[in-house]
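Please read the structure below before turning to the comments.
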Amino acid sequence: MSTINQIIKHLEQFAPTIYQESYDNCGLLTGDATWELTKVLVTLDCTEAVVDEAIAKGCNLIVAHHPIIFGGLKKINGKNYVERTVIKAIKNDIAIYAIHTNLDNMQFGVNHKICEKLGLINTQILVPKSGMLKMLCVYVPQAHLQVVQEALFNAGAGDIGNYSECSFYATGMGTFKGNEHSHAFVGKIGERHQEPEYKLEVVVDDSKLDKVISALKSAHPYEVVAFNVYTIMNPNNTIGSGMIGELPEDLNTEDFLKHLKSAMNLTLVRYTPYSKSIKKVAVCGGSGSFLLKNAIGAQADAFVTADFKYHEFFDAENHLMIADIGHYESEIFTINLLADEIVKKFPTFAVILSEINTNPINYYI
Ligand SMILES: [Zn+2]
């Protein structure tokens, strides 16, 4: 028997919700994580038609990229598609789980999928997130350094980009005096004890902090563990907005547009003229105009994204080509990414890709 919670746990290991943007609403939106799972339906958007599809196909979990409840619901009486979708899901015991900007921000998330489709190499996050890396500082009796260090590393501390087990320690002398209620592992009650200690510091990503602190408390010999956590300036190069990579060889603008159209299965591309050939390509699934300056700063020749407004196209100014491929089109392959990720961990689960085209925009050509 499998529960919905098992899928959620795995997805949240892959894309921790702590990485979602502040305006977002990721996580379980309807249903109960303890329900026994029947089948999973993966979709970009969760609409009434998608809930109908889940019912018809016997799926009681919908994993959607876009959260159907986004701006908050004050009334639920079926007056618009959001309310009707939520009502239908609840009436039919369908759980809806959203994995949105946390997946956008992952190194192997939405933007990686676009890079993969375009065949980009040497890819990296365009704007790595800062403020996500913490430094954990703790005082450890010298004989216990290795045990504590080991426990912290095993719990996920010490990783910075391509480096692991990053730590620093320096010697010093700690003092303490326990009262009659204390259970100090060394020293005498009522007497000041001096203990040679190491001040140990390890870097920890925000998403792993709770796990690392509980590992610290179980591995550390002191009854009361003194520790401190502070934010460090290093950006986390594995988390952030957009990606940038290179085409294996330069393409002229015409060939690049052809390649883009066929790789992303597009009906059309809205683009700005560019007078050079294209090698470096920045991408951002969904609405990416906020990253235009970063794409230009990173010397991209093209920026593949969606939802550019008329006046924003002017900002390209031949620094690069803006290629607006449509929001739905830029993100639709995310459903393959999610389904593959679930199947990788649970090969026996039935994971179905939605067959409903939820794109609200049609093209008349
Ligand atoms: Zn989107």
Side-chain angles (χ1 to χ4, degrees), residues 11-12 14-17 19-29 41-51 62-72 80-82 85-86 96-118 125-127 129 239-244 260 263-270 281-292 294-295 303-309 312 322-342 353-363:
L11 289 175
E12 292 188 354
F14 176 58
T17 47
Y19 297 138
Q20 70 180 308
E21 298 297 334
S22 55
Y23 56 78
D24 207 356
N25 190 36
C26 299
L28 189 63
L29 304 181
L41 183 69
V42 185
T43 180
L44 188 64
D45 304 286
C46 185
T47 59
E48 280 182 277
V50 172
V51 177
I62 297 173
V63 174
H65 180 51
H66 295 132
I68 180 72
I69 304 173
F70 193 63
N80 58 47
Y81 82 97
V82 173
T85 304
V86 171
I96 303 174
Y97 182 83
I99 179 164
H100 188 212
T101 49
N102 47 337
L103 189 61
D104 288 333
N105 284 330
M106 298 305 299
Q107 186 179 24
F108 296 107
V110 176
N111 298 316
H112 180 259
K113 193 72 193 171
I114 301 173
C115 292
E116 199 180 85
K117 297 297 284 183
L118 296 180
I125 299 271
L126 181 60
V127 183
K129 256 193 190 307
I239 309 289
S241 307
M243 285 199 99
I244 186 158
L260 180 60
M264 300 301 289
N265 197 21
L266 308 171
T267 308
L268 57 85
V269 181
R270 302 194 303 154
V281 179
V283 310
C284 178
S287 313
S289 61
F290 70 104
L291 290 174
L292 178 64
N294 304 89
F303 181 30
V304 177
T305 184
D307 294 348
F308 259 81
K309 291 182 187 160
E312 291 171 340
I322 293 171
D324 186 324
I325 63 172
H327 195 126
Y328 179 86
E329 289 81 356
S330 72
E331 295 187 328
I332 186 58
F333 298 106
T334 301
I335 68 172
N336 302 87
L337 168 79
L338 287 168
D340 291 350
E341 191 53 41
I342 298 170
L353 296 179
S354 171
E355 289 172 282
I356 311 248
N357 182 338
T358 57
N359 194 353
I361 302 165
N362 286 296
Y363 304 107

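All ligand and atom numbering here is 1-based and tracks the order in the structure. Residue numbers run from 1 in the order of the sequence given.
- Checking T17 against N102 by side-chain atom types alone, no donor-acceptor pair falls below 3.5 Å.
- For the pair K129 and Y19, the cation-pi criterion (under 6.0 Å, within 45° of the ring axis) is not fulfilled.
- For H100, the ring pair (Phe, Tyr, Trp, His ring centres under 6.0 Å) partners at least two apart in sequence or on another chain are H65, H66.
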Hey, can you pull the donor-acceptor pairs under 3.5 Å for the side chains in residues 106-114, sequence neighbours left out?
unit_1	atom_1	unit_2	atom_2	d
N111	OD1	G285	N	2.7
N111	ND2	D104	O	3.3
K113	NZ	E116	OE1	3.1

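- Listed by chain and number, the protein N, O or S atoms at a distance under 2.8 Å from the Zn ion (ligand 1) are H66 NE2, H327 NE2, E331 OE1, E331 OE2.
- Scored by the salt bridge (charged side-chain N to carboxylate O under 4.0 Å, His left out) test, E12 finds no partners at all (sequence neighbours excluded).
- Although no hydrogens or angles enter the test, the distance criterion places a donor-acceptor pair under 3.5 Å between the side chain of E312 and the main chain of K309.
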